[in-house]
Structure formats: structure tokens, C-alpha cells
Peer 1: 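Handing you this structure, nothing more for now.
So that the names make sense, note that chain A is the first sequence line, chain B the second, and so on, each numbered from 1. Being a predicted model, the structure only gives us computed values, none of them experimental.
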Amino acid sequence: MTRVKVIPENKKNIIDKIIEMSGENIRDCMQCGKCSAGCPASDGMDLLPHQVIRLLQLGQIDRIVESKSIWNCASCFTCAQRCPRNIDIANIMEAIRLTIIRCVGNSRLKADDVPSKVDCKMPQQAIVSGFRKYNK
Amino acid sequence: MEKIGLKVRARAKEALENREVDEVMGWKKGEFWYDVYPVFITEANEADDLIWDAFCVNNLSKYLIQKQKENKKVGVFLKGCDSLGFNQLLKDNRIDRDQVVIYGLPCVGMVDPEKVKKEGLNKGLLEIKRSKDEITFVTKEGEKKILGRQFDYDKCLACRYPNPVVYDELLDTEIAREVSEMDRFKDVEAIEKMSITERFEYWSNQFSKCIRCNACRNICPACSCEKCVFDNVNAGVSSKASVDSEEQFFHITRAYHVAGRCVDCGECTRVCPAGIPLDQLNHKIMKDINELYGKYDAGVDVSQDAPLVTYKLDDADSFTEHGKGGK
Amino acid sequence: MSVEAKETVMGNKNEFEPLIVAFCCNWCSYAGADLAGTSRLSYPANVKIIRVPCSCRVNANFVLRAFQRGADGVVIAGCHPGDCHYSTGNYYTRRRFSLLTNFLEYVGIEQERFKVDWISAAEGNKFATVMNDVLEKVHRLGPNRKLRDARWKR
Amino acid sequence: MQRIGVFVCWCGTNIAGTVNIEKVIAAAGEMPGVVYAKDYQYMCSAVGQNLVKNTIKEQKLDRVVIASCSPRMHEATFRKTAKVAGLNPYLVEVANIREHCSWIHKNKEEATKKAIALTRAAVAKVALNTALIAGEIGVESRALVIGGGIAGIQTALDIAEAGYEVDIIEKSPSIGGKMAQIDKTFPTLDCSACILTPKMVDVSTHPNINIYTYSELENVKGYVGNFEVTMNQRARSVNMEKCIGCGICTDKCPSKKAKSEFEEGLRNRSAIYTPFPQAIPNVPVIDREACIKFKTGKCGLCETVCPAGAIEFSQEDTKITKKYGAIVVAIGYDIIALDKFGEYAYTNHQDVITSLEFERLTNAAGPTGGKLVRPSDHKKPKKVVFVQCVGSRDKTERGKTYCSKICCMYTAKHAMLIRDKYPDIETYVFYIDVRTPGKNFDEFHRRAVEEYGVNYIKGMVGKIFPDGEKLQVHGVDALTGDTIKIDADMVVLAAATKAKEDAEDLGRKLSISTDTNNFFTEAHPKLKPVETHCAGIYLAGACQGPKDIPETVAQASGAAAKAIGLLSKDKLVNNPCISEVDEKICSGCLACTKICPYDAITSKVITFNDHGKITKRVVAQVNKALCQGCGGCTVACRPGAIDIKGFTNKQILAEVDALCR
């Protein structure tokens, strides 16, 4: 039985950065699942929001980075509104996205190629949040 | 004012003759033009010495405490500010109302001898006569009339109760006087504007002048304790060593003890031999009480509880953030 | 980082060790201080507590005596208005020390040196925060020379 | 010369851990008046106390300082020790070097210096202590129980059985409280009415118990043993003696629009009503807002049909003032408002109900006669979903931070009852953690899962919204990680409990404190759960914190035992640390009489020889029985003529000096 430290040393600083950036205390989460239950975008997520937080608590950043959830999150803040432990999960998702974008290559979406992607049915908020999510 | 002076004499003589009172307290002229001192007369013929002029500033009500210990019925002449002091003594159960007959004297304001000397008008001065807003200087060379009230005490300029609030008889017609409430606490606001170190410098200089003669305590109608805490060594509160902190302790505690009870008669400032502006301390507390707990004038209404012996459930306070009271 | 830790960091720089005298009412704030103890919170050792039956027992003389004896800060803690064990005690405290707070500041004492607050028996961490906060401010102000009796050697 | 003994406690490592005991002993040795200083691991233990006793005798100590834990813990213990050793108990002072020193400061050197300062302050104070003899006060041998629920009923019965008179004051028209609304009780599933009504009848027939229903507490004066309570008995508009409880008036009453509070609004009631059939007293009450006679002056039908002529429209509120020795607060709890929980759609859909409403639905005396039907269309539901922790364990301001303790058990009970009565109904329970720690509690919960097939899903419900006939419930199963959607017919929310609305101002009237959630604060969470800081006032039931019926009854009997202990004494020793007037200094201004919360200070005339002359003077005097020693008067007294024994001005000044050494 190998001794596994709950939060591996090398991942400690990333976790602390995410916590500091989002200003949220992830240890407060009691895994009640209300965020995942109410998340409108949860169908497309392989890791539900409460599982993302659980992985953060366990320091498993790689599984979060590989998951699609943080990109599916439309930051509509329903989870934050309903979390009984007052944690702003959307804020944490934002922090994870930013840490990934900032350490991997340049921003994925250039300003000038947005018009080509816009279709009239898409609400403006999607454009703005898309732009915000994919840039440094 | 001389007309009233005659009335005073007549009333005193009459009161003593038909035994209304055992003794009458009034003022008597001293040797100099500014010199007037309290006098207690028991015989009708002594009444002729009584006077009423521009220097009868002494508050006679505090002598009543001692007189009543000799359980005498006393007649006393009280001005507006004196009557406020009288009410405060009454509220503190120090005197018995039925043992006193009060002859009320509406007062136009008393002349401050220092101000006369500053103008140099005291050379060869024999007497000062005063009618409502006009002062005549009787000197060896002749008479000189000056209009206006620039020679009055500062406290008289700001006086809000020229007419006695309690009396058995009124010897003169009441005086109407509007004093703006706005600049009542100008002196306090000036000090409040100073920085914290300036304020401490200002006050520690003032307090260091104090020689602990207790004149302020003896003249003050609100300071009527049988045995003051500063006289009682057993209380272990403070001593009279000539160290700055003792005077600061004395004056802060005294201002605190008369909080909500000081009638703003300004006597402490007048009698202080070191010239410390003690009423600026009392004015600050009055300003705070008015702001925090509603306008309150001590000595006006004997039945109303003083601010520090009553409370309201939703009182403001000046030490918590949501205390609603400014700092 | 609580004040204590910060203090040890810059403690050796200057030897100023603030002294705070706290008057705590037996039913609420003293119990709050006990709760701060039982929950192992931390506030600096310079705060020394005197137990009084009720906050209305604290006389202005005690506050002045503390400053005279070289205290750098005085704290009075009582029950929240309405919670007083003697039902009306702290209403009088509120009036008395609202006047004294303003008056001491008027005479030139920094307002951070004299703190009055309501701390109930259940507010252990409020007790610790208030004490940490007072000490931090007093630490910044430095030693209190005002009202201090020169003959008193600490 | 004084002979002061200082005893420093290690308290195991609690104090010795961060305080250098030897240094404190050495410093204590040099303090003025100290002739003996000793330390021991556990001063409060029997050995420690014997050490104090023997040292007092051997060293002929006349004052003792114990440097140990908080005086609130062991001041009484060490005072008793001193008394046994023949020393006046009030010549003992405690320096708090544990809660206020060793537990707070990590740095050993600083903690030691502070411990020495605190000990020096205690020595300075004890040097000025005087021997005090506790006075005696009488005790009124009658108890008052506030609240008529199971807690109040059990307390009243126990006190009455001990032979003391008890008054119950209940705000609603009948006693019974929340337990009367419940159908079955866990864990034994016996019917709530069957075990409650016999107790209610015992209370109504017990000679020592008087019941004041439809009444509220106005104000309380006095202190332990001598409380003077004023109650306001609201007008029932029915004469209690004449009424025979036939119930004709409640049937005939035309105004049927008022919502029945007892039925949680699921059924209407008439203007003249008894809350439930087994109500005690079984006398109806006229709700003056709903009654047509009071609103418009017409009607008055109840008066005409009443066979006993018991209706009295002219009845007025009556004020009753009585004296009591002890008071037990048992006002129970309420359910939080769910209007802020929009995601559960409680306010805009009839079939989303709270557990209390569910109790009424399944109750045989309830609005649907015990048949489980949907309140909207009275159809039998096929799928029922239970949602746990609605508002409990919630740090936002919508809910309460604590766990309400009883919901897991009553939800398991509800689910089990449905599966037992209607096996075809599917039941789901969304939970975060099932908390069933009591005796036979977990077995009860496991029976619901294993035998009755209730589906327990670990995960919260995200949102509920009406979808045609059904209710769509979106939840998640946190264990498998997939979202769950159920089309339910009925949703039952286990709403959080909260303190009663008027708990805070009742606390103010009794001057007992409430915590941040408005539950009453007990004197000590572990050692004094049924007492409050105010002597003579005790707590029973859910008003002190969320509690189930077994605990409530246990606490009620505990509170009753405390009250009986108090009432059994005909004399009470009162606190000797009270105020005293020095008549030589008192100038008779009587400012202190205005300050005293207990009106304990009055004036008197004294005659004395003033330099040969007999003079009279008014001075203040303190009524030793009324004064509680708060000290407000000592500050109002400018010359310091009035002082509190045990906390005199000089003692506190001495403490200030010692602390500033």
C-alpha cells in the first residue's frame, strides 16, 4: 500500500494559486452536489462541478485539465447562487481556466476572427464569455 | 438698574420687618468700582447697603446649602443663570424649596472689569451705571456714555436665560433676547478643528496652570457633594501632587461629574485665578449630549431626569460603527 | 498572520511593548474571553483583563487611572444592549462611554487608545479580533505619554 | 501583616505547557503580603484542595489566591474549600491564567510574564477583600412554565408531582405544541396523539397545575426565588366555566375562510374554533379578525346556538400578576420561511410541501383524513421525492448554519410509512449525509432502506419545476457522478428549524441571552445545559437548540429537577457582593436610586451629631435582598459613597495598578 500524500507537493502551488485567484475556500465544500444538480451545462460535462471541486481538494489537477467541464461551464453562476456553503464555483472554474490558458501557449481566440464565428441566434453573453474564456 | 436697586432694598427691608424670612442674601458694594460681594443681612436697617448694579455677578444660590443647615428661612435675589444653578441644587436635594423665598431679577448682562481695564477706561473711574444697552462711566473728570455690550462677560453675551426660571416674585419686567443656537458651541468647534497633538498641547498647557485651589468646584452649583471624591483620601482616586497627570485627572473627572448637570453659568471660567477656559470642557459635553441624546438644558426643568441617569432603548453610541453617533 | 507573529518579526527592532487594560463584564465579555481561550484563538499577551460584575460598574476614574499608570490602551467590553444580565446596566454604559470617548478625543487622546465594544458570551472570535485590532492600532501609535504619571515606573 | 497564600495550578499541561510555573511561584513569593506560594498539577482535584486546606491551617493564611482556570469555572469550588478550612469564602481570589493566558499565547516567555501580572493583580485585589457573610432571601414555592408543548407539559408534571404549584402559560388556544400536529413518532412509530393526549389530560386534571392558554408574558420583575410576573390573558370571548365543549358553535359558525394554523394552512377553520379535537382546554376561541360579529357587528349566531350560553363578546384581555420562585422556558421552535428558496418552487406549487404539512396530510385527524393525496388535485401520488437539508447546514443568509438534527429521522419515518401503507408508491430521498445517531435510530433508518425499499440518493436537488401534471426534480448522485431527473407527483422539503419569532424579546424580558440564531444560551454547553446565566430561570426543549422528542422530555425532566431543587429551599443564600452606602459621605442626591435596575435603593433620613448640633440629613440606603450587585450605582455616585463589596473602587484601582507594574 503506497503512502499517498493527499495533496502532492508539486501540485500544491497551483492549487494555492487557484484558491488565491478565486478567493474561495474549497475546503468549505461538503460535496452536497447541488451545483451539479442545478447546472444547466452539466450534460456536456464529463466531470460534474462538485467532482471538479473534489479533485481540487485532492490536488488532482491533471484530471481537471483533461476534462471538458471547465470549458463547458457557461459561467451563469446558478451554482454560486445556490451553494449552501457560499462557495462561488463559477469563480473557481474561471480561475482554473485562467491558470491553464496562462501557462499554455497564447490566447486561443483572436479578436478579429470573432465576427466569422458569430451567428445571429447566439446571445451576446455567449460571445463575451467565449472571448473572456479563451484569452489570456 | 438703580431704580431696581431701590426696589431691592425696599423688598429686603419689608421682608425682614414682617418676618417673612430670617435672613436676606444680596450684594453689597465694595471699595472699588468693580468690587461687589455677597452679603447676608438679618436686620431691616442693613437693607440699605444692598445694591443692584452691573457687577452683581456672584451666584448666591450655593450659600443656601450652609444656610439651610442652620435651618433658616432665607430670601435670596437670583438672576437668570443663578436660578438655573438653584434648580440644579434643588434636583440634587441639597436645598429645600419651601425654606427659600426667591426674588427674581431679569438681568441685561454683567460688566467684565478686565474688559474695562483693557480699554484703559478705568483711570480715575468712580462708578459705572448701566441701563439696558448703554453704559455710563462716571469718572473724576465727568461722565462718558458708550453704547453696545462689548464690556459684558462672554458668558453674558451668549446668555440664553436672562429671566429667572424659578422665582416667588419678579422685581423687573422680563427681557426678550434671541441668541442663535448655531454659534453657541463655536469655542468647542474651534478646538475640535485642531489636530490631535495640538489639542493635547492646548489642554495640557491649560491644565498645567491649575494650582488646585478648588475655586471652580466651590463656585459650581453642580458640584455640591458633601465630601468631594478628591477630598476623600480613602477613595484612593487621586492626589494633589504637582504632577501634570493629577490636574488632567481632576479636570477630566470634574467635567465628567458635572456632565448633564452643568447649567452653563460660566462661573468656573470667571473665578479661575489661572484663567483656564473651563467652560470649554463643559460645552463639549453639552454639545455631545445634544447631538447624541437630544437637546437638554440642565437646571430648566427639575422634574426631567438628567441624561446620565436615564436611557432610551435605541440610544446612539459613538464607539461602534453602526452606533449612529459620530466620533 | 496574527499580530503576534508579525510582532515577533519586527519585535526586536524597537522595544515598545504595548500594555492594554481591558475591563470585561462577568456575564458576557469575560465569558467571551473564556470562549476565545477554550477555542485556542490567539491575541497578544499585552492585553490584561479585569473582571467587573457589569460594564456599568466601570467608572471613568478607572479608565483615567489606567492611562495614568502607563496603559497604552483601555478596552471596555460589555453585553450587547438588551442582553445585559442586570437588564439595564449596559444602557448606562452606552451613554457614559459615548460621552467619555468623545471627551477623551477632545482633550487629545487618540481615539484608537480607548475602545468600547459589545461582546457576547458566544462571540469568542469577536473578542480575539477586537483585541488584535486594538493592539495593532496602538502598536502603530507607539507608547502613550499623555495622561501618564511621570512618577510611575513600569 | 497580611498572610496571603498563592497556589498556582499546572492544569496538567494546559497551563504548564506555555507558562513557566517556577517563575510564577518565584515572582509570587515577592509580592506584598504573600507568605506562601506553592504549585500543584491539579489544584481543583481533591488532592489540590486538601493542599489548600492544610496550608491555610498550617500557615494560618488569612487570604488565598488561586492562579488557575477561569473563576467562572472553579471560584465556587475554591470558596467552598476555604470555608471548610475555616477561612471566610470571600477572602479567595482566582487569577485566570488558563483561558486568558496559557491557551491564548504560544510564546512561553510572554505567557509567563502575563501570568505573573494577572497573579499580582489578584494578590493586590485579595489584599483589600473583606470577610462577607451571604444574606438570606425567601423563596416563593411556585413555578412558572412558559410554553405548553411536550417540554412544558413534562416539566409541569414533574414539578407538580413533587408537590409544588405550577402555572403553564401558552400563547395558542390549547396546549400540545408541535407534537400535537405530528402523526407518528420515531423510532417506535407509536401515534403521537396516543402518547401526548394522556399527558395533556394529566396536566389539566392535576390539582397543582393551572393552565393559562391564549396568554402571553408581559414583563418579569424581581430575581431568583422572587420573580413577579405579569401575564396578559387575551380575551377568548367564551366563558371557560360555562362552556361544555360540545362544538355546536364551531360547526354553525358561517365564517369559514380563516386558514387553520394547526393544519399548517391545508384546511380552513371557522372564526370560533378549537385548534384540534383533543384540545386542552376544550374551549373554543373567537378569532376577532375573522369573526363577522366583531368585524361588522351582524351575526352572533354562535351566541344563539350555544346551549350553555357561554359566549361573551364583551370579554376583555385580563392582566394577571403572580409571584414565582422559578421559571422554565419551553417555547419550542418554528420552521424557517421557504420563500427565499426559489429553486424548490415551494411558494408557487401546491404539491411542494414541508414535512410538517406532510404530517398533517398523513394524520387521521388531518385535512384528508389520513389519505395521502396531492393537495392540488387530491389524486394519489405515484412518486414522492423527499429533499433533505433545505435551509439547514447553509452558510448563506437564506438558511441556518446548523444541522436541524431531527429531519433525517422523520423523513425516514415518512418514507417508511408511505411504503408501508401504499407499496406501489416510489419514494426517493435526496440527502447529503444521513444523521441518525440515537438509540435504535440507525437500525430504524436502515429498515426504511432495506425492508421498505426507499431509494436514498446521496446528492442535493438542483431545481424543481412544474412540468404539466408532474413535478420535474433535477438532482445529482454524487457517488456515481450522474445527474438524476425524476418526474415526481409530490415533493416534501425537510425545512430547517429555527428559534421562535419572539424568542429574542422574551429573552430580553427575562434578561437571559440568546445566541446568534436566537436559541437561548445555556449557562454551560456541557455542564449546565438546562440552566441559564440568570439564577432561577431554566431551559427545556427545542428553544435551547434543535432537539427531538426523547431529548426534549429528558431535558424537561432535568429542568424540572433543577426547579424543584430551588423550590425545595425555603431560604436562599443571596450574593453578598452587593452595594453599601457610607452615610458620612453620601450627600443625598439620590442619583443612584434612578439607576438601580432592581429599585433596591431608597432614601432615609438620618440624624447625627454635627459638632454638637443634632442635624438631620437624607441619605441613600440599600435593600440587601433586592440588590444584585451590578455596580451601576457606584458610578452614578460621584463622591463614591456607595460601593460594591467584593468589587470596591479601591480593589479595582489596585488591580489596575498591579497590572500596570
Peer 1: Among Phe207(B), Tyr293(B), Trp203(B), single out the residue with the greatest number of heavy-atom pairs under 4.5 Å to chain C.
Peer 2: Tyr293(B)
Peer 1: Relative to chain C, which segment of Tyr256(B) carries a heavy atom at a distance below 4.5 Å: side chain, backbone, both, or neither?
Peer 2: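 The answer is the side chain of Tyr256(B).
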Peer 1: For the rings on Phe97(C) and Phe319(B), is their centre-to-centre separation under 6.0 Å?
Peer 2: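 Centroid distance Phe97(C)-Phe319(B): not below 6.0 Å, so no.
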Peer 1: Heavy-atom distances under 4.5 Å only: say whether Val188(B) touches chain C with side chain, backbone, both or neither.
Peer 2: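 Both parts, heavy atoms under 4.5 Å.
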Peer 1: Strictly distance-based, threshold 3.5 Å: is any side-chain N or O of Arg94(B) a donor or acceptor partner for the main-chain N or O of Ser224(B)?
Peer 2: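 Confirmed, Arg94(B) side chain pairs with Ser224(B) backbone.
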Peer 1: So, Asn132(C) side chain and Ala128(C) main chain: donor-acceptor pair closer than 3.5 Å or not?
Peer 2: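 Side chain of Asn132(C) to backbone of Ala128(C): a pair is present.
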Peer 1: State which residue, out of Glu192(B), Gln280(B), Lys284(B), Met286(B), fulfils the side-chain contact (heavy atoms from CB on, under 4.5 Å) condition with Phe185(B).
Peer 2: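 For Phe185(B), the side-chain contact (heavy atoms from CB on, under 4.5 Å) check succeeds only for Met286(B).
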Peer 1: What residue among Asp301(B), Leu78(B), Leu84(B) forms side-chain contact (heavy atoms from CB on, under 4.5 Å) with Val165(B)?
Peer 2: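 So the option named by the test is Leu84(B).
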Peer 1: Heavy-atom distances under 4.5 Å only: say whether Ser195(B) touches chain C with side chain, backbone, both or neither.
Peer 2: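 Neither the backbone nor the side chain of Ser195(B) comes within 4.5 Å of chain C.
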Peer 1: Tell me, side chain or backbone of Glu291(B) under 4.5 Å from chain C's heavy atoms, or both, or neither?
Peer 2: neither
Peer 1: Among Val75(C), Ile109(C), Leu100(C), find the one that has a side-chain contact (heavy atoms from CB on, under 4.5 Å) with Phe114(C).
Peer 2: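 Per the side-chain contact (heavy atoms from CB on, under 4.5 Å) rule, the option paired with Phe114(C) is Leu100(C), out of Val75(C), Ile109(C), Leu100(C).
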Peer 1: Donor-acceptor pair, distance only, cut-off 3.5 Å: does the side chain of Tyr30(C) make one with the backbone of Pro53(C)?
Peer 2: no
Peer 1: Out of Leu104(C), Val116(C), Asn61(C), Leu99(C), which one racks up the most heavy-atom pairs below 4.5 Å with chain B?
Peer 2: Val116(C)
Peer 1: Against chain C, label Val243(B) side chain, backbone, both or neither, depending on which of its atoms sit under 4.5 Å from a heavy atom there.
Peer 2: side chain
Peer 1: Which residues, numbered in order, of residues 77-96 of chain C come under 4.5 angstrom of chain B by heavy-atom distance?
Peer 2: Thr88(C), Tyr91(C), Tyr92(C), Arg94(C), Arg95(C), Arg96(C)
Peer 1: What part of Glu246(B) gets closer than 4.5 Å to chain C, counting heavy atoms only: side chain, backbone, both or neither?
Peer 2: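 Glu246(B) touches chain C through backbone and side-chain heavy atoms alike.
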Peer 1: Just jot down the salt bridge (charged side-chain N to carboxylate O under 4.0 Å, His left out) partners of Lys312(B), sequence neighbours excluded, or say none.
Peer 2: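 Here no residue qualifies.
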Peer 1: Select one option (side chain, backbone, both, neither) describing which atoms of Tyr202(B) are under 4.5 Å from chain C's heavy atoms.
Peer 2: neither
Peer 1: Quick one: does any side-chain atom of Ser208(B) pair with a main-chain N or O of Asp244(B) as donor and acceptor, under 3.5 Å?
Peer 2: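 Checking the backbone N and O of Asp244(B) against the side chain of Ser208(B), no donor-acceptor pair under 3.5 Å is found.
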Peer 1: Compute whether any side-chain donor of one residue and acceptor of the other, for Tyr161(B) and Asp297(B), lie under 3.5 angstrom apart.
Peer 2: yes
